[in-house]
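Values below: every heavy atom of this structure, side chains too, minus hydrogens, waters and symmetry copies.
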Amino acid sequence: MKFGVVVFPGSNCDQDCYHACRVMGADVDYIWHGDEDLPNFDCIILPGGFSYGDYLRTGAIARFSPVMKAVERYAAQRGGLVLGICNGFQILLEAGLLPGAMLRNKTLKFICKYVNVRVENDRTPWTCATKTGDVLKLPIAHYDGNYFVDQKTLLELEDGGQIILRYCDQEGRVTEEANPNGALGNIAGICNKDGNIFGLMPHPERAVEPLLGSEDGRMIFESIIKSLKGIIGGS
């Protein structure tokens with residue numbers, strides 16, 4: 001199996017994602033933002049950072065990169081797995097590959113710290129190595145992480161099991177105090193209806209080794225690898 005990490009001008013977590021894939025024992029290559037084809041990849045990662053300087057809005061310019069047309073085809077036509085982390089999540093929202101939008105953090109300040117998130121659905125390619133209710137300790141680093149969506153879409157997300165992660169305390173309680181950015185419903189990560197596109201604000205790639213303060217990010221990558229092994233093994 002092979003991961004691909006997209007590099008946009010301004011990406012600064014591409015090397016972190018590349019390293020995390022290598023730590024997990026997976027093959028990985030970089031993908032340039034100008035590439036128009038994505039051959040031989042089993043999972044595409046849109047990393048965090050400040051793509052195109054975050055001018056206009058976060059992810060608003062990156063969504064027009066040539067590679068995003070390829071990402072859309074890869075997900076829609078091939079059912080390929082696409083993971084958007086932080087700025088990558090913002091790009092997926094701007095591209096319309098996931099519903100909703102990101103607002104400024106409720107504090108109007110950049111937040112960089114570890115948070116706890118609760119797994120809401122373990123029947124996805126992104127969480128199949130976890131159990132519903134598991135609490136993961138992951139770092140965040142963003143200024144626009146306040147997820148928002150209209151009430152109709154929120155209900156659709158709830159009913160469809162598309163809310164994958166919620167901010168919580170150490171005991172797994174979803175509280176206002178545990179919400180670092182004001183995100184609607186404490187939402188930290190969602191997937192599309194087909195489940196093959198996942199966006200989250202926390203950085204699992206920064207939590208794959210003990211030296212980093214948490215290894216809980218490995219659970220996301222282990223889930224992807226477990227899912228891919230099932231897909232490849234069953235094909």
Side-chain angles (χ1 to χ4, degrees), residues 43-46 58-59 63 68 71-86 88-103 105-106 115-136 138 140 142 144-169 171-202 204 216-217 219-224 226-228 230-231 234:
C43 180
I44 303 299
I45 301 176
L46 307 183
T58 53
R63 61 90 72 234
M68 288 307 298
V71 169
E72 186 173 352
R73 291 193 302 270
Y74 170 83
Q77 299 175 14
R78 294 165 51 185
L81 299 183
V82 178
L83 172 64
I85 302 171
C86 198
F89 185 8
Q90 295 162 342
I91 295 170
L92 290 174
L93 294 174
E94 288 288 337
L97 295 178
L98 289 175
M102 286 295 173
L103 308 179
N105 296 340
K106 63 180 180 181
V115 298
N116 297 296
V117 293
R118 189 179 73 188
V119 176
E120 300 293 283
N121 183 355
D122 61 10
R123 301 180 305 280
T124 77
W126 319 102
T127 54
C128 59
T130 70
K131 293 181 180 179
T132 298
D134 280 355
V135 176
L136 307 180
L138 301 173
I140 58 171
H142 58 250
D144 298 81
N146 184 352
Y147 180 75
F148 180 79
V149 72
D150 62 77
Q151 286 298 312
K152 179 178 180 293
T153 306
L154 178 62
L155 290 175
E156 291 175 352
L157 291 175
E158 294 272 12
D159 293 342
Q162 294 174 243
I163 299 174
I164 309 300
L165 301 174
R166 292 187 196 270
Y167 298 109
C168 66
D169 63 19
E171 285 70 44
R173 295 186 294 259
V174 176
T175 66
E176 183 178 353
E177 292 73 23
N179 187 337
N181 49 40
L184 184 68
N186 282 49
I187 294 173
I190 63 168
C191 71
N192 64 335
K193 290 181 179 180
D194 291 332
N196 63 315
I197 303 176
F198 177 41
L200 74 165
M201 289 310 295
D216 289 355
M219 301 306 296
I220 302 297
F221 289 98
E222 286 179 9
S223 294
I224 299 170
K226 179 180 177 181
S227 175
L228 288 174
I231 294 171

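The CD atom of Glu120 sits 11.0 Å away from atom CG of Asp134, with the distance rounded to the nearest 0.5 Å. To the nearest 0.5 Å, atom SG of residue Cys86 and atom CG of residue Leu46 are 12.0 Å apart. Taking CG of Leu184 as the start and CG of Asn179 as the end, the distance is 9.5 Å to the nearest 0.5 Å. The CG atom of Leu93 sits 13.0 Å away from the CZ atom of Phe148 when rounded to the nearest 0.5 Å.
No side-chain heavy atom of Ile164 sits under 4.5 Å from any side-chain heavy atom of Leu200. Proximity of Asp216 to Val117: side-chain heavy atoms (C-beta onward) are nowhere separated by under 4.5 Å. At a threshold of 4.5 Å between non-hydrogen side-chain atoms, the residues Glu158 and Ile163 count as touching. Asp144 is not listed as a side-chain neighbour of Asn146, based on a closest heavy-atom distance of 4.5 Å or more. In this structure, the side chains of Leu136 and Ile220 come closer than 4.5 Å at one or more pairs of heavy atoms. Side chains of Leu97 and Met68 form a contact here, defined as non-hydrogen atoms less than 4.5 Å apart. Leu165 places none of its side-chain heavy atoms less than 4.5 Å from the side chain of Arg118. Put simply, the side chain of Ile190 reaches to within 4.5 Å of the side chain of Tyr147, judged on heavy atoms.
Between the Asp194 side chain and the Asn196 main chain, no donor and acceptor come within less than 3.5 Å of each other. Remark: the backbone N or O of Ile197 is paired with a side-chain donor or acceptor of Asn192 at under 3.5 angstrom. Checked by atom type and distance alone, the side chain of Ser223 pairs as donor or acceptor with a backbone atom of Met219 at under 3.5 Å. Looking at Asn186, its side chain never comes within 3.5 Å of a backbone N or O of Arg166 through a donor-acceptor pair. Within the 3.5 Å criterion, the main-chain N or O of Ala178 finds no donor-acceptor partner in the side chain of Asp169.
Of all the heavy atoms in Trp126 and Val82, the pair that sits closest is CH2-O, 3.5 Å. Taking each heavy atom of Cys43 and Leu228 in turn, the nearest pair found is CB-CD1, 4.4 Å. Across every non-hydrogen atom of Ile85 and Pro202, the tightest pair is CG2-O, 3.5 Å. Residues Pro99 and Thr153 share a closest heavy-atom pair of CB-CG2, 3.8 Å. Of all heavy-atom pairs between Tyr167 and Ala188, the closest is CZ-CB, 3.5 Å. Considering all non-hydrogen atoms of both residues, Glu156 and Gln162 come closest at O-OE1, 3.8 Å.
Under a cut-off of 6.0 angstrom, the local environment of CD in Glu171 is crowded, with over 12 non-hydrogen atoms contributed by other residues, nucleotides or ligands. Atom NZ of Lys193 is surrounded by 12 or fewer heavy atoms from other residues, nucleotides or ligands within 6.0 Å.
Remark: Glu222 pairs with no residue by the side-chain hydrogen bond (donor to acceptor under 3.5 Å, both in side chains) rule, at least two apart or across chains. Not a single side-chain hydrogen bond (donor to acceptor under 3.5 Å, both in side chains) links Arg78 to another residue, sequence neighbours left out. In this view, Asp122 and Thr132 satisfy the side-chain hydrogen bond (donor to acceptor under 3.5 Å, both in side chains) rule, not counting sequence neighbours.
Defined by atom type and a distance below 3.5 Å, a donor-acceptor pair is missing between the side-chain atoms of Thr130 and Thr127.
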Passes side chain to side chain contact (heavy atoms under 4.5 Å, CB included), His142 versus Met102? Steps please. CA-CA 11 Å; His142 58 250; Met102 286 295 173; over 6 Å; no
Take Cys168 and Arg173 through the side chain to side chain contact (heavy atoms under 4.5 Å, CB included) test and state the conclusion after the steps. CA-CA 5 Å; Cys168 66; Arg173 295 186 294 259; 5.8 Å; no
